[in-house]
Amino acid sequence: MHKTIACGDLRPEHVGTTVTLAGWVNRRRDHGGIIFIDLRDGKGIGQVVFNPDLSPTSHTVAEQFRNEWVVQVSGEVRPRPPGTENPALATGQVEVHATEALVLNPAQTPPFSIGEGVEVDEMVRMRYRYLDLRRQPMQENLRLRHRVIKFMRDFLDARDFVEIETPILIKSTPEGARDYLVPSRVHPGHFYALPQSPQQLKQLLMVSGFEKYDQIARCFRDEDLRADRQPEFTQLDLEMAFVHQEDVLELIEELYIALVETLTPQKRLLKPFPRVRYDDAVSKYGTDKPDLRFGLPLADLTEVAHSSQFRVLRDPVAQGGVVKGFAVPGIAGYSRRQTDELAHFARERGASGLLTVPLGGTAASLDDLKLEDIPSSLARYVSLEEVRAMARATGAGVGDMMLIAAGPASTVNVALGQLRQEMGRRLGLADPNHLAFAFIVDFPLLEWNETEGRWDSSHHPFTSPMEQYWEHLEADPGKARAQCYDLVCNGVELASGSIRIHRRDRQARILRLLGYSDAEIQERFGHLLEAFDFGAPPHGGIAPGIDRLVVLLSEGAESIRDVIAFPKTQSAVDLLFGAPSPVREEQLRELHLKVVPDEEKG
RNA sequence: GGCCCGGUGGUGUAGCCUGGUUUAACACACCUCCCUGUCAAGGAGGAGAUCGGCGGUUCGAAUCCGCUCCGGGUCGCCA
């Protein structure tokens, strides 16, 4: 080794010993005579002193040191002189007095500072990702990620799970996300697909009798990106035989509680995880991934609005829509500009408009409230009693503001749900040190696809409906509820899973319901159906996302790009390697491919 | 594909709305010199920018207009 101890491991117990350190120059302070170097390595930072009186030769070498040079230093560990200890450093009680110094590799001035916590443009960070990763916050993020994954593996190993790798080159799946395709050289015109998840493979492993399978699995989806989506991402994929839904939920709850309490004990946790029905989540929070760190629940105002004379509310109801609203405490004094901004926010998310209803004035209670205390267009069209009814329904009091939207239920829920999240953030109700986990259950099995005119699986076609819905499934598909569950936390979907169908006849019924012909079923799912004929056990599983979890557990990661070593941009470009890129004509020929130029761009 | 935000020395920002008193400003980093107990060391000096690109308006464009590229956010999309 080029070193005998890590820079970050220096402690008072080493005083008197002679050590050799190697690392990067984090910062240098040259006093003309004495020189201080903060030397950084993977374990942390330690201070080295170069004193010309002690060692003129090493002092001369150290005069050339610059930030990020890779250097090796030997010397004696001594306690720092009284009054010069640095409590901000774990190594701050001691320092190394250099007697030998060596430049292992000089370095150019980096494009951005490694040692200081300056915000740097993400484009530059990704272009020089290896330098970005050298920075402390990114080191912490990736080390946390490692510990999370190791914890999961150890936890499952102790419960008899077997980690099994599944292929990356596999068959293109028919529906769902767009596949990344890989052309076959050996079979002209044929393609592999990268797995969107190992879904069918893990079900086949259940048929194989492994009973408990898990995998830290890379998944690929060629869809447009968001802050919490990358073209490739990592899941803890797991599946169990002979389980009911509650068995899976209990395992996951136990895993997440143990993981958080062990790795991030500073985070507050709500135990046990509430089970929230899908319908309740949507009606109360407008979304199936509610942030439960705060209240601000949505209230249904359709009844009140229906009888009112206000067309903005009445007409949408007459057309089968709903009116919903929620109370935001203490913001009755918002300026016109601020309320306009909220309305803009709602419209951007699909709402036709937003009624802002401040309950202002100095009234002691709702009963004393006067119409002139309500600077809102609502007050011009509805009675004071109707405003009071809405306030009672939303829980608004004097000094609060009601935010109300009308329209089709799905539109209103999306807009108000996101507005609720935004208000929680603005009012500081969403404490980042609080993790509010919850299971969302009782999902609908199917969703009507308006554009395609058919039923889609809300989860995936292998999800089993609850037992009682099999009987009238074809007669009333929309009514069926699934044995399907999500784990959500702080407004983020963290995991999704289900009890699967394990009998051929039932799987075929679902696929036919989804509009597949018998020939298509055989071509696309034949391998799975055939497996079910050979003794498939009842089974189910879940797939927790690793990237989003690490973001929630980390201090300061703002997107999953901050917890992925080499992420891609929103346009799926790798700025470090410059991928994707054209390939040689010869490579294309081997793959029997010809590139057709874009018609518009030529 | 739609909408929104951003792009100014190596980094982070100001200037842009209201075009010319700006030789494009400031901080950090960088280079030189001074400095023997600092830890965001300090002091003095210096170098460094086709203002993302192309085109237009104008006597004059970082500033106004159009197109375009790149990054980010979001809707669609993500079984």
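All of these numbers come straight from a predicted model, not from anything done at the bench. Just so we're on the same page: letters track the sequence lines, and every chain starts at 1.
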Looking at B:rU74, I'd like to know if its phosphate oxygens (OP1 or OP2) sit under 4.0 Å from a side-chain N or O belonging to A:Q418.
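Checking B:rU74 against A:Q418, no side-chain N or O comes under 4.0 Å of OP1 or OP2.
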Measuring to OP1 and OP2 of B:rA79, would you say a side-chain N or O of A:Q199 lies under 4.0 angstrom away?
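No.
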NZ/NE/NH1/NH2 to OD/OE distance under 4.0 Å, A:E223 and A:R229
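No, no charged N to carboxylate O under 4.0 Å.
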Any ion pair linking A:D574 and A:R129 (charged N to carboxylate O, less than 4.0 Å)?
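Here A:R129 does not pair with A:D574 in a salt bridge, since their nearest N and O are not under 4.0 Å apart.
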Could you work out the separation of [N] and [M] based on their [atom1] atoms and round it to a whole Å?
{"N": "B:rC28", "M": "B:rA14", "atom1": "C1'", "result": "15 Å"}
{"N": "B:rA44", "M": "B:rG6", "atom1": "C1'", "result": "38 Å"}
{"N": "B:rG66", "M": "B:rA27", "atom1": "P", "result": "36 Å"}
{"N": "B:rU63", "M": "B:rU22", "atom1": "C1'", "result": "13 Å"}
{"N": "B:rC31", "M": "B:rA47", "atom1": "P", "result": "16 Å"}
{"N": "B:rC67", "M": "B:rG72", "atom1": "P", "result": "23 Å"}
{"N": "B:rC64", "M": "B:rC16", "atom1": "C1'", "result": "10 Å"}
{"N": "B:rU11", "M": "B:rG52", "atom1": "P", "result": "13 Å"}

Cut-off 3.5 Å, side chains only: do A:Y213 and A:D237 have a donor facing an acceptor?
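Yes, a side-chain donor-acceptor pair sits under 3.5 Å.
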For [X] and [N], give me the distance from atom [atom1] to atom [atom2], rounded to whole Å.
{"X": "A:F345", "N": "B:rC3", "atom1": "CZ", "atom2": "P", "answer": "19 Å"}
{"X": "A:D222", "N": "B:rA79", "atom1": "CG", "atom2": "C1'", "answer": "15 Å"}
{"X": "A:E63", "N": "B:rC33", "atom1": "CD", "atom2": "C1'", "answer": "13 Å"}
{"X": "A:Q64", "N": "B:rC31", "atom1": "CD", "atom2": "C1'", "answer": "15 Å"}
{"X": "A:N449", "N": "B:rA79", "atom1": "CG", "atom2": "P", "answer": "13 Å"}
{"X": "A:R349", "N": "B:rG73", "atom1": "CZ", "atom2": "P", "answer": "14 Å"}
{"X": "A:F443", "N": "B:rA79", "atom1": "CZ", "atom2": "P", "answer": "13 Å"}
{"X": "A:D224", "N": "B:rG72", "atom1": "CG", "atom2": "P", "answer": "12 Å"}

With a 3.5 angstrom cut-off on both distances, give the Watson-Crick or G-U wobble partner of [N], or none if there isn't one.
{"N": "B:rA44", "result": "B:rU32"}
{"N": "B:rG6", "result": "B:rC70"}
{"N": "B:rC77", "result": "none"}
{"N": "B:rU11", "result": "B:rA27"}
{"N": "B:rA62", "result": "none"}

Write out all pairs satisfying salt bridge (Lys or Arg N to Asp or Glu O under 4.0 Å) with one or both partners inside residues 42-64 of chain A, taking only residues at least two apart or from two chains.
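Salt bridge (Lys or Arg N to Asp or Glu O under 4.0 Å) check on residues 42-64 of chain A returns A:D9-A:K43.
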Choose from B:rC78, B:rG72, B:rA29 the nucleotide whose nearest atom is closest to any side-chain atom of A:E223.
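Closest nucleotide to the A:E223 side chain: B:rC78.
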Apply side-chain hydrogen bond (donor to acceptor under 3.5 Å, both in side chains) to residues A:T166 and A:Q215 and explain how you reach the verdict.
CA-CA 8 Å; A:T166 52; A:Q215 180 183 192; 3.0 Å; yes
Give the C-alpha distance, both sets of side-chain angles, the deciding distance and a yes or no for side-chain hydrogen bond (donor to acceptor under 3.5 Å, both in side chains) between A:E422 and A:Q418.
CA-CA 6 Å; A:E422 173 69 10; A:Q418 294 194 24; over 6 Å; no
Categorize A:T463 for me: base, sugar-phosphate, or nothing, with a 4.0 angstrom heavy-atom threshold over every strand shown.
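Answer is nothing: A:T463 stays at 4.0 Å or more from every strand.
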At 4.0 Å (heavy atoms only), tell me whether A:R561 reaches a base, stays on the sugar-phosphate, or touches nothing.
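Counting heavy atoms under 4.0 Å across all strands, the contact made by A:R561 is with sugar-phosphate only.
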Under 3.5 Å, is there an N or O donor on one side and an acceptor on the other linking the side chain of [X] and the base of [N]?
{"X": "A:R221", "N": "B:rC78", "result": "no"}
{"X": "A:R127", "N": "B:rC70", "result": "no"}
{"X": "A:R226", "N": "B:rG76", "result": "yes"}

Spacing of A:L89 atom CG and A:Q47 atom CD [to the nearest 0.5 Å]
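Between A:L89 CG and A:Q47 CD, I get 8.0 Å after rounding to 0.5 Å.
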Counting primed atoms plus P, OP1 and OP2 as sugar-phosphate and everything else as base, spell out the protein contacts along nucleotides 36-51 of chain B at 4.0 Å heavy-atom distance: B, S or - for each nucleotide, 5' to 3'.
BBBBSB----------
Nucleotides 4-15 of chain B: protein proximity per nucleotide (B base, S sugar-phosphate only, - neither; heavy atom, under 4.0 Å)
------SSS---
So, using salt bridge (Lys or Arg N to Asp or Glu O under 4.0 Å) as the criterion, who are the partners of A:D442 when residues are at least two apart?
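A:D442: salt bridge (Lys or Arg N to Asp or Glu O under 4.0 Å) contacts with A:R277.
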Within a radius of less than 6.0 Å around CD of A:E558, do more than 12 heavy atoms belonging to other residues, nucleotides or ligands occur?
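No, CD of A:E558 has 12 or fewer neighbouring heavy atoms, counting only those of other groups under 6.0 Å.
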Are more than 12 heavy atoms from other residues, nucleotides or ligands located less than 6.0 Å from atom OH of A:Y180?
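Yes - once you tally the heavy atoms of other residues, nucleotides and ligands closer than 6.0 Å, there are more than 12.
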Could I get the full list of side chain to side chain donor-acceptor pair (under 3.5 Å) partners for A:E341, not counting sequence neighbours?
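Only A:R426 meet the side chain to side chain donor-acceptor pair (under 3.5 Å) criterion with A:E341.
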For A:V414 and for A:A227, locate the closest nucleotide of RNA chain B by heavy-atom distance; then report the residue assigned to the nucleotide nearer the 5' terminus.
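Comparing both residues, the 5'-ward one is A:A227.
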Under the rule for ring-ring contact (aromatic ring centres under 6.0 Å, His included), what residues qualify as partners of A:W455, not counting sequence neighbours?
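Only A:W448 meet the ring-ring contact (aromatic ring centres under 6.0 Å, His included) criterion with A:W455.
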